[in-house]
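Read through the structure below, which is laid out as structure tokens, and then see the notes.
What you see is a predicted model; the values in this text were computed from it and never measured. Convention: sequence-line order gives letters A, B, ...; per-chain numbering from 1.
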Amino acid sequence: MAGLPFNLNSPKQLGEVLFQKLKLPVVKKTPSGTPSTDEEVLQKLAEDYPLPKLLLDYRSLSKLKSTYTDKLPRMVNPSTGRVHTNYGQAIAVTGRLSSNDPNLQNIPVRTAEGRRIREAFIASPGNVIVSADYSQIELRIMAHLSGDEGMLRAFAAGEDIHRATASEIFGVPLAEVSGEQRRYAKVINFGLMYGMSVFGLAGNLGVERAAAQMYMDKYFQRFAGVRQFMDDVRQQAKSQGFVETVFGRRLWLPEINSPNGPRRQAAERAAINAPMQGTAADLIKLAMIAVQGWLDVHQLASRMVMQVHDELVLEVPDNELSLVKQELPSLMAGVAQLKVPLVAEVGAGSNWEEAH
DNA sequence: AGGTTAAGCGCG
DNA sequence: AAAGCGCGCTTAACCT
């Protein structure tokens, strides 16, 4: 094959072609000031030009090939025939584990092509892969920490939390929430947990800032406990210099009172998020201890093989499947009694994708 | 030859 | 000025 006259993997060369030669508009710039060619930019440009879509397809496929398809088979341990990750226990500031060499906490799942890679993670003969994950764990923790009446009620009733949020924001009955309204509510729910601003919300929803402000106002009007919680967390962070999880894990925030605006605001966003992300990390660690204890007591041959932040993956002999499927979710849900029920969902299959 | 940074993107 | 949290990996570009 004759190559292209430039390197597609070079943002610099690609930028020259797109923005100088082809004169496509510069949508945004990178921190160093060069025109960005990231996914968001190419999506925008794809509305008016044919080339960016092809670049996006190339990007996603080459990412899968270089990081997973080409790499993972080379990392199989010859003595076990398996890939073995390493977990970092004191890397992530929130208390999460991290995974490296290879990272098995970022195996693709969001696209059909990516899920084909997940299908390669298979159980040995006579075994199945069982996966159990906490449902909406961080939002449940937000409900617990804030004590917000509306959120507590929605979780107690077993409602779809994004649908329930949309129902409150848009003032329509649960059954009449539209797909778009639910999507908006989901963006708002996640955005809040990350300390997102009205500016960020507007960009994310693709609406005017005034409209985003209206959604935010409406949200805090209906979920006043959440606003109070966020104000309290910021205040505690500023006075004490740290925030805590439900179990007392601390995240120190040396820049929380910095005179540098952007740095201070970044610390405020981290302060908002850490109690939720960190409590979720504490909970799944407790779950790992509970699950292994249970496997030991019952002398089961099932093995815990992976942890992916809110998910535990086990390799389970066929004859233990029904027992494990029955017990795993309750073990995970039973590690703590919060103001909302914890829920874990379980699946099983011959490979990781099927178990999901 | 080997290390670091920038840009970009995979996951929760 | 920047505008959404936490990670790890790949490639290109640049540095010692």
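- Nucleotide dA1(B) has dT16(C) as its partner under the Watson-Crick or G-U criteria, with both atom distances under 3.5 Å.
- Whole-Å rounding puts the D282(A) CG to dG12(B) P distance at 20 Å.
- Closest to the side chain of T94(A), out of dA7(B), dG6(C), dG10(B), is dG6(C).
- Taking atom CG on D70(A) and atom C1' on dT11(C), their separation rounds to 13 Å, with Å as the unit.
- Within the structure, a side-chain polar atom (N or O) of S98(A) is placed less than 4.0 Å from OP1 or OP2 of dG8(C).
- Taking a pair to require two hydrogen-bonding distances under 3.5 Å in either a Watson-Crick or a G-U wobble arrangement, dC11(B) pairs with dG6(C).
- The pair K28(A)-D38(A) meets the salt-bridge criterion, since a charged nitrogen lies less than 4.0 angstrom from a carboxylate oxygen.
- The phosphate of dA7(B) (OP1 or OP2) has a side-chain N or O of T34(A) nearer than 4.0 angstrom.
- Comparing dA2(C), dG10(B), dA13(C) by their closest approach to the side chain of Q265(A) singles out dA2(C).
- Counting only heavy atoms from C-beta on, A270(A) has its side chain closest to dG6(C) among dG6(C), dA13(C), dG12(B).
- Across all strands shown, E39(A) has heavy atoms under 4.0 Å from sugar-phosphate atoms exclusively, and none from any base.
- Taking 4.0 angstrom as the limit, R59(A) places none of its side-chain polar atoms (N or O) nearer than this to OP1 or OP2 of dG8(B).
- Of the candidates dA3(C), dG8(B), dG12(B), dA3(C) carries the atom nearest the S197(A) side chain, counting heavy atoms from C-beta on.
- Under 4.0 angstrom from either OP1 or OP2 of dC7(C) there lies no side-chain N or O belonging to N106(A).
- Between dA7(B), dG6(C), dT11(C), one nucleotide has an atom nearer to the side chain of P31(A) than all others, and that is dA7(B).
- Relative to the side chain of N273(A), the nucleotides dG10(B), dC7(C), dC5(C) differ in distance, and dC5(C) lies closest.
- Electrostatic pairing of K285(A) and D282(A) does not count as a salt bridge here, judged by no charged N lying under 4.0 Å from a carboxylate O.
- Using a 4.0 Å heavy-atom distance criterion, I91(A) is classed as a sugar-phosphate-only contact.
- Residue K63(A) places its side chain closer to dC9(B) than to any other of dG12(B), dC5(C), dC9(B).
- Taking a cutoff of 4.0 Å between a charged side-chain nitrogen and a carboxylate oxygen, D160(A) and R182(A) qualify as a salt bridge.
- Note on R96(A): every side-chain N or O is 4.0 Å or more away from OP1 and OP2 of dG6(C).
- Looking only at atom types and distance, the side chain of S62(A) has no donor-acceptor partner in the side chain of S66(A) under 3.5 Å away.
- Note on V198(A): nothing from the nucleic acid sits closer than 4.0 angstrom, heavy atoms only.
- Phosphate proximity of dA6(B) to S32(A): absent, as no side-chain N or O sits under 4.0 Å from OP1 or OP2.
- Note on T37(A): a side-chain N or O is less than 4.0 Å away from OP1 or OP2 of dG8(B).
- Side-chain N/O atoms of K71(A) include one lying less than 4.0 angstrom from OP1 or OP2 on dT10(C).
- The main-chain N or O of P108(A) is found under 3.5 Å from a side-chain atom of R118(A) such that the two form a donor-acceptor pair.
- Nucleic acid contact for R110(A): base, since at least one base atom lies under 4.0 Å from a heavy atom of the residue.
- Between the base of dC11(B) and the side chain of Q105(A) there is no donor-acceptor pair shorter than 3.5 Å.
- Nucleic acid contact for D133(A): none, since no nucleic acid atom lies under 4.0 Å from a heavy atom of the residue.
- Of the listed nucleotides (dC9(C), dG4(C), dG6(C)), dC9(C) has the atom at the smallest distance from the side chain of D101(A).
- Using a 4.0 Å heavy-atom criterion, one finds that P108(A) contacts the sugar-phosphate atoms exclusively.
- Look at S99(A) and you won't find any side-chain N or O under 4.0 angstrom from OP1 or OP2 of dC11(B).
- At the phosphate of dG8(B), OP1 or OP2 sits under 4.0 Å from a side-chain N or O atom of S36(A).
- For K12(A), the listed nucleotide lying nearest its side chain is dA13(C); candidates were dG8(C), dA13(C), dG12(B).
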Pair S197(A)-R209(A), side-chain hydrogen bond (donor to acceptor under 3.5 Å, both in side chains): steps then yes or no: CA-CA 10 Å; S197(A) 66; R209(A) 201 162 343 167; over 6 Å; no
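- Regarding contacts with the backbone of dA13(C), a side-chain N or O of Q13(A) is found under 4.0 angstrom from either OP1 or OP2.
- Between R82(A) and E315(A) there is a salt bridge, with a side-chain nitrogen of the basic residue lying less than 4.0 Å from a carboxylate oxygen of the acidic one.
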